[in-house]
Amino acid sequence: MEELKRQVLEANLELVRQGLVFYTWGNASGFDKSSGLMVIKPSGVSYEKLTVDDLVVLDLDGKVVGGRLKPSSDTATHIELYKAFPDIGGVVHTHSTYATAWAQAGKDIPSLGTTHADYFHGGIPCTDDLSPEQIAGEYEKETGTAIIRRFSGLDPIHTPAVLVKNHGPFTWGKNPAEAAYHAKVLEEVAKMALLTYRINPDATGNPLVEERHFLRKHGPNASYGQ
């Protein structure tokens, strides 16, 4: 658990280094399958002051089993993702500028080129609106279920990111570091897509080229890298 706490601290600090969070906007967590426990940033604690001892340990029922501070207000969303996507071990939430702009617009980020396709299979989906009852009820949990519902028919490993409408992005990966990495890539492709449409509002991707790029990195016969 101490190693996971170290990884979660490092993922949170990486969000700051990459310019993806400001003040206390956002959080990173990690999940240990063997113990069934997750570690997450505490609520409202400045990244500048964050230490390993500040991190909160919980089970997937939301019961705090370690730490002296309150967990992130987004904890229930993280929990729902770990329950629904069993192959992930890290989740990140930010309010990064460009990805959040797409979320506030309620638009999927389309796959327009090979940079996007190297990391995400198809567009980055945006969730539907939450109902008034969902917002008034277990809001953070309902945010998680909205993400899961949006991923019906999609592979969360091949597309490790989502936009929550009127809120912001969540990303995930096999560990906290990969989840943070995907948060940075998401922000860059969100920016590229916006700039592309400014230059050419009628721009479209090339599905054959994009599929080739995705498969050479993530397919069964992947050739990218050493």
Any chance you could lay out the side chain to side chain contact (heavy atoms under 4.5 Å, CB included) test for L194 and R198, step after step, and finish with the verdict? CA-CA 6 Å; L194 176 62; R198 284 182 178 175; 4.0 Å; yes
Nearest atoms (heavy-atom pairs only) where P125 meets V162: O-CG2, 3.4 Å
Criterion salt bridge (charged side-chain N to carboxylate O under 4.0 Å, His left out) on K191 and E188, from CA distance to verdict: CA-CA 5 Å; K191 183 177 181 179; E188 291 302 308; 5.4 Å; no
Interatomic distance, T94 atom OG1 to F22 atom CZ [nearest 0.5 angstrom]: 9.5 Å
R68 side, atom CZ; D53 side, atom CG - distance, nearest 0.5 Å: 7.0 Å
Taking F120 as the starting point, is it possible to reach I157 by hopping between hydrophobic residues whose side chains are less than 4.5 Å apart? no
In sequence, state the C-alpha distance, the side-chain angles, and the governing distance for L112 and M192, and then conclude on side chain to side chain contact (heavy atoms under 4.5 Å, CB included). CA-CA 9 Å; L112 295 172; M192 289 177 188; over 6 Å; no
Mind listing the closest non-hydrogen atom pair of P169 and T100 along with its distance? CD-OG1, 3.5 Å
Derivation of the side chain to side chain donor-acceptor pair (under 3.5 Å) call for T145 and E142: CA-CA 5 Å; T145 59; E142 294 291 355; 3.1 Å; yes
Between OG of S43 and CG of N27, what distance do you get to the nearest 0.5 Å? 9.0 Å
Check whether D108 reaches the backbone of C126 with its side chain - one donor and one acceptor, N or O, closer than 3.5 Å. yes
For atom CD of E48, decide whether the heavy atoms of other residues, nucleotides or ligands shown that lie under 6.0 angstrom number more than 12. no
When you compare the side chains of E211 and H121, does any donor N or O come within less than 3.5 Å of an acceptor on the partner? yes
Check this for me, if you would: do E2 and K5 make a salt bridge, where the nitrogen-to-carboxylate-oxygen distance has to be below 4.0 angstrom? yes
If you draw a 6.0 Å radius around NZ in K174, do more than 12 non-hydrogen atoms from other residues or ligands fall strictly inside? no
Rounded to the nearest 0.5 Å, how far apart are CG of L55 and CZ of R6? 12.0 Å
For Q134 and K141: C-alpha separation, side-chain torsions, deciding distance, then whether side chain to side chain contact (heavy atoms under 4.5 Å, CB included) applies. CA-CA 9 Å; Q134 290 170 324; K141 180 178 180 178; over 6 Å; no
Of all heavy-atom pairs linking I148 and A84, the shortest is CD1-CB, 3.4 Å
Atom CD1 of I109 and atom CH2 of W102: how far apart are they, to the nearest 0.5 Å? 6.5 Å
Quick check on the hydrophobic clustering: are M38 and V64 connected, directly or via other members, by side-chain heavy-atom contacts under 4.5 Å? yes
Donor-acceptor under 3.5 Å (E210 side chain, N206 main chain): yes
Are the side chain of D61 and the backbone N or O of K63 linked by a donor-acceptor pair below 3.5 Å? no
Correct closest heavy-atom pair for A180 and V92 would be N-CG2, 3.7 Å
Exercise: identify the closest heavy-atom pair between V56 and L69: CG2-O, 3.4 Å
Is Y82 reaching over with its side chain to a backbone N or O of V91, donor-acceptor style, under 3.5 angstrom? yes
For the residue pair E80 and T77, confirm or rule out a side-chain donor-acceptor distance under 3.5 Å. no
Given the rule that I, L, V, M, F, W and Y join up when any side-chain heavy atoms are under 4.5 Å apart, are L4 and L13 in one cluster? yes
Would you mind checking if E187 and K184 are paired as a salt bridge, meaning a charged N to carboxylate O distance below 4.0 Å? no
Is there a path of hydrophobic side-chain contacts, each under 4.5 Å between heavy atoms, that joins V185 and L163? yes
Looking at every heavy atom in both V8 and A28, which two are closest together, and how far apart are they? CG1-O, 3.5 Å
Would you say the ring centers of H78 and H93 fall short of 6.0 Å from each other? no
Are V164 and L130 grouped together when hydrophobic residues (ILVMFWY) are joined by side-chain heavy atoms under 4.5 angstrom apart? no
What's the spacing between I124 CD1 and L186 CG if we round to 0.5 Å? 5.5 Å
ring-ring contact (aromatic ring centres under 6.0 Å, His included) pairs touching residues 132-155, sequence neighbours excluded, are F85-F151, F151-W172
Main-chain N/O of P160 paired with T171 side-chain donor or acceptor, under 3.5 Å: no
Please check: side-chain N/O of S152 versus main-chain N/O of R149, any donor-acceptor pairing under 3.5 Å? no
Electrostatic pair R17-E10, nearest N-O below 4.0 angstrom: yes
Distance-only, no hydrogens or angles: does the K33 side chain make a donor-acceptor pair with backbone N or O of P86 under 3.5 Å? yes
Do the side chain of D118 and the main chain of T115 share a donor and acceptor less than 3.5 angstrom apart? no
Could you check whether any side-chain N or O of H116 sits under 3.5 Å from a backbone N or O of G122, counting only pairs where one atom can act as donor and the other as acceptor? yes
Candidate pair T159 and L154, rule side chain to side chain contact (heavy atoms under 4.5 Å, CB included), full reasoning: CA-CA 8 Å; T159 306; L154 300 177; 5.7 Å; no
Any donor and acceptor pair, going by atom type alone, linking the side chain of D32 with main-chain N or O of L37 inside 3.5 Å? no
